[in-house]
Amino acid sequence: MNRIKQSITLLGSTGSIGVNTLDVIARHSDRYKVFALTANKNIDLLEQQCKQWQPVYAVMADEKNAQILEQRLHRAGLSVSVLSGQSGLVDVACDAATDCVVAAIVGAAGLVPTLAAAKAAKRILLANKESLVMSGQLFMDTVQSNQAQLLPVDSEHNAIFQCLPDRCNDGVLDKYNKGVKRLLLTASGGPFRTLSLDKLHSVTPEQAIAHPNWEMGRKISVDSATMMNKGLELIEAHWLFGVALENIEVVIHPQSIIHSMVSYNDGSVLAQLGNPDMRTPIANALAWPERIESGVEPLDIFTVAQLDFEHPDLTRFPCLALCFAAIKTGGSASIVLNAANEVAVDAFLNGQIRFTDIATVVDETLSRASISTEVDTLALILDADKKARDIARATVSSRGS
Ligand code: NAD
Ligand code: MG
């Protein structure tokens with residue numbers, strides 16, 4: 001059968017989600033073609049990806065790197081157009097020739113192109129949770145008013161998406177009519193779930209990024225170790241599914257086999273299970289409402305044998321408590337929290353602060369920043385983000401070793 005191929009723009013193609021997405025796409029050349037690939041600094045990998053995929057566009061964050069890439073591709077006889085900067089990302093995300101935008105840039109840098117894709121009514125596969133944490137209401141309004149399509153790639157949100165009734169999946173969840181009671185967001189608890197509390201302050205970046213179950217980029221790995229990741233995911237779930245914070249519960253599930261659950265008013269709890277491999281949610285979002293091969297090994301429940309569940313410990317994971325508080329505060333609090341966390345994680349990875357200082361930097365930034373109630377435009381969101389980064393950097397300097 002000759003099918004029309006979906007044309008994909010992959011924002012952040014050199015990252016962990018990006019590489020996994022290309023792995024799934026490679027299994028389905030009859031369904032997908034690559035329109036654009038983008039990277040921050042990794043010229044070598046983007047060059048290699050361009051040679052393999054021959055996209056129409058490639059984008060590098062920095063103009064000089066874009067020139068280097070362009071020369072290399074030209075020498076190889078490829079006619080890929082190379083763009084740079086945020087405008088290059090926005091251009092490829094909105095181009096009329098792309099159907100689907102995979103938002104896999106890490107951090108706040110993903111916001112502008114992802115929001116632009118929503119305005120351009122694209123099918124958006126959202127991995128970049130930070131953009132939704134920063135712009136929740138604006139982002140969801142933009143998706144709805146432009147009739148864009150939003151499909152969650154984050155494994156927990158993709159699991160919830162799969163466990164919700166069909167007609168809930170085309171917009172904001174009409175939870176009471178569909179009998180949905182609660183969302184149960186699972187979390188592995190990361191590498192330090194059982195480490196004695198007095199050792200937490202001396203853990204190294206290498207220990208923090210060594211996640212027991214998932215292979216991911218450095219920033220999200222540290223976020224998983226502090227459980228800031230689960231806090232950001234709470235905010236993400238709140239916006240994606242239109243569910244109040246009181247109706248979302250975080251469940252520690254160390255095996256990472258159940259990726260989240262939905263509890264209904266008749267007593268049913270639906271769960272999505274699978275091996276911890278991002279190619280499953282990526283394939284699910286790429287092909288939805290169909291299902292395609294992802295390359296992930298089938299789950300052997302006999303090998304898994306046991307599934308455990310615990311309540312999260314907010315003393316061990318103060319970042320999770322800060323996220324609960326930020327959602328309750330509302331306004332720009334989530335933007336400030338996210339910005340401070342990005343600065344603090346970067347400082348931790350660069351050896352400037354200790355692991356336990358991450359929560360302290362976020363907490364101090366939240367108390368020093370003025371929290372604004374009006375964050376309904378992109379300009380106001382970016383302004384709140386910038387001011388919070390300045391405060392967080394000053395806080396890092398005052399704590400730095
Ligand atoms: P990563 O660090 O491995 O990759 C990030 C990608 O973004 C790279 O391609 C990088 O070049 C690009 N990038 C970084 N900074 C940029 C900038 N300033 N401008 C333009 N491009 C930039 O990260 P990842 O683990 O792939 O995560 C990507 C996103 O997906 C994050 O928001 C993360 O929270 C989310 N996510 C990841 C996983 C996972 O398993 N890795 C799971 C769920 C959600
Ligand atoms: Mg997740």
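For the numbers below, each heavy atom of this structure counts, side chains included, while hydrogens, waters and symmetry mates do not. Counting starts at 1 for both ligands and their atoms, in listed order. Counting from 1, the numbers follow the sequence of the chain as shown.
- Among protein heavy atoms, the minimum distance from atom 9 (O) of ligand 1 is reached at Thr14 OG1, 2.8 Å.
- For the ring-ring contact (aromatic ring centres under 6.0 Å, His included) test, no residue two or more places apart in sequence or in another chain qualifies with Phe324.
- Glu156 pairs with exactly one of Lys230, His259, Gln272 by the side-chain hydrogen bond (donor to acceptor under 3.5 Å, both in side chains) rule, that one being Lys230.
- The CD1 atom of Ile124 sits 11.5 Å away from the OG1 atom of Thr9 when rounded to the nearest 0.5 Å.
- Checked by atom type, the side-chain pair His157/Glu233 shows no donor-acceptor distance below 3.5 Å.
- Within the 4.0 Å heavy-atom cutoff, Asn128 counts among the residues contacting ligand 1.
- Between Asn40 and ligand 1, at least one pair of N/O atoms sits closer than 3.5 Å.
- With respect to atom 5 (C) of ligand 1, the closest heavy atom belonging to the protein is Val106 CG1, 3.7 Å.
- Here's the thing with Leu89: none of its N/O atoms is less than 3.5 angstrom from an N/O atom of ligand 1.
- Ordered by chain and number, Asp154 OD1, Glu156 OE1, Glu233 OE2 make up the set of protein N, O or S atoms under 2.8 Å of the Mg ion (ligand 2).
- Of all the atoms in ligand 1, the ones that sit under 4.0 Å from a non-hydrogen atom of Ala39 are 11 (O).
- Using modelled atom types, one finds no donor on one side chain facing an acceptor on the other under 3.5 Å when comparing Asn65 with Gln67.
- Checking Arg368 against Thr395 by side-chain atom types alone, a donor-acceptor pair falls below 3.5 Å.
- Ligand 1 lies out of reach of Gly18, whose nearest heavy atom is not under 4.0 Å from it.
- With respect to Glu246 and Lys328, no salt bridge is recorded, no charged nitrogen being found less than 4.0 Å from a carboxylate O.
- With respect to atom 42 (C) of ligand 1, the closest heavy atom belonging to the protein is Met278 CE, 3.6 Å.
- Residue contacts with ligand 1: Asp154 is placed with no nitrogen or oxygen under 3.5 Å of a nitrogen or oxygen of the ligand (distance criterion only).
- For the residue pair Lys122 and Asn146, no side-chain donor N or O sits within less than 3.5 Å of a side-chain acceptor on the partner.
- Taking the six-membered ring for Trp and thresholds of 30 and 60 degrees, Phe192 and Phe355 have ring planes more than 60 degrees apart, a perpendicular arrangement.
- Here the rule is salt bridge (charged side-chain N to carboxylate O under 4.0 Å, His left out) with Lys387, and of Asp390, Asp385, Asp383 only Asp383 fits it.
- Of all protein heavy atoms, the one lying nearest to atom 27 (O) of ligand 1 is Ile17 CG1, 4.2 Å.
- Of the candidates Ser155, Pro281, Gly110, Ala109, the one placing a heavy atom closest to atom 17 (C) of ligand 1 is Ala109.
- In terms of protein heavy-atom proximity, atom 29 (C) of ligand 1 is nearest to Ile105 O, 3.7 Å.
- Looking at Ser131 and Asn128, their side chains do bring a donor and an acceptor atom within 3.5 Å of each other.
- Judged purely by distance below 3.5 Å, without hydrogens or angles, the side chains of Asn338 and Glu342 pair a donor atom with an acceptor atom.
- Thr14 and Asn42 are not linked by any side-chain donor-acceptor pair at a separation below 3.5 angstrom, with hydrogens and angles left out of the test.
- Counting only heavy atoms of the protein, atom 4 (O) of ligand 1 lies nearest to Gly15 CA, 3.1 Å.
- Summary of contacts: the protein heavy atom closest to atom 6 (C) of ligand 1 is Ala104 O, 3.6 Å.
- Of all protein heavy atoms, the one lying nearest to atom 32 (O) of ligand 1 is Glu130 OE1, 2.6 Å.
- Among Ser16, Ala103, Ala127, the residue whose heavy atom lies nearest to atom 41 (N) of ligand 1 is Ser16.
- At least one N or O atom of Gly12, backbone or side chain, sits closer than 3.5 Å to an N or O atom of ligand 1.
- By the 30° and 60° cut-offs, the orientation of the rings of Tyr57 relative to Phe35 is perpendicular.
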